[in-house]
Amino acid sequence: MWSEQVPQDWSAALIQAMDALAAHSIWGMATVIAIDLSGRQHGAVLPGTQGTALRPCILWNDECAARKYVEIAHRFPGSRLNRAGGDGDLFD
């Protein structure tokens, strides 16, 4: 299963949410003291030299490498890769 998101969509959604907050607040943004944003973690964002993402972010639940991992673990059963992936019985 592929699981990716476009990082530029995150910043666009933030701007859209801030605009909506400003438009629907009686007092505007002047009374906003703080806004909490959750961090992006367990995803691979590959930045280019201009600071923009080179490709969509590979999310933590992406399984595109799982088949290759099993193939390598079977080919090299005593390897550190096999032990790092957990119980070797998973690949038997």
Side-chain angles (χ1 to χ4, degrees):
M1 170 183 80
W2 291 83
S3 183
E4 300 179 337
Q5 290 181 341
V6 178
Q8 290 85 344
D9 290 349
W10 304 334
S11 55
L14 173 62
I15 291 168
Q16 182 179 1
M18 297 298 290
D19 287 344
L21 178 63
H24 293 94
S25 172
I26 296 171
W27 300 281
M29 295 297 285
T31 60
V32 175
I33 296 170
I35 296 175
D36 181 29
L37 300 172
S38 65
R40 176 75 222 134
Q41 61 181 10
H42 305 301
V45 178
L46 308 173
T49 57
Q50 302 299 315
T52 58
L54 294 175
R55 61 171 321 283
C57 172
I58 303 169
L59 301 178
W60 67 271
N61 60 340
D62 186 276
E63 298 175 355
C64 62
R67 189 177 318 143
K68 186 54 87 175
Y69 178 85
V70 171
E71 178 186 321
I72 292 169
H74 273 299
R75 190 168 179 190
F76 303 100
S79 71
R80 290 180 64 206
L81 174 66
N82 197 346
R83 291 191 303 273
D87 186 355
D89 292 340
L90 293 172
F91 308 110
D92 294 336

#### Entry: Where Gln5 and Leu59 come nearest, the two heavy atoms and their spacing
CG-CD1, 3.7 Å
### Message
Under 4.5 Å between side-chain heavy atoms, counting indirect links through other Ile/Leu/Val/Met/Phe/Trp/Tyr residues: same cluster for Leu21 and Leu14 or not?
### Response
yes
### Query
How close do Ser11 and Gln8 get, heavy atom to heavy atom, and via which atoms?
OG-O, 3.0 Å
### Message
If I compare all heavy atoms of Leu54 with all of Gly48, which pair ends up nearest, and what's the gap?
### Response
CD2-CA, 3.6 Å
### Message
side chain to side chain contact (heavy atoms under 4.5 Å, CB included) for Ser3 and Trp60? Distances and angles first, verdict last.
### Response
CA-CA 8 Å; Ser3 183; Trp60 67 271; over 6 Å; no
### Task
Would you check, one step at a time, whether the test side chain to side chain contact (heavy atoms under 4.5 Å, CB included) holds for Ile35 with Met18?
CA-CA 10 Å; Ile35 296 175; Met18 297 298 290; 3.2 Å; yes
### Task
Measure the spacing between CD1 of Ile58 and CD of Glu63 and express it to the nearest 0.5 Å.
13.5 Å
#### Entry: Closest heavy-atom pair and its distance - Trp2, Asp62
CA-OD2, 3.3 Å
### Query
At their closest point, which heavy atom of Pro7 faces which heavy atom of Val45, and how far apart are they?
CG-CG1, 4.1 Å
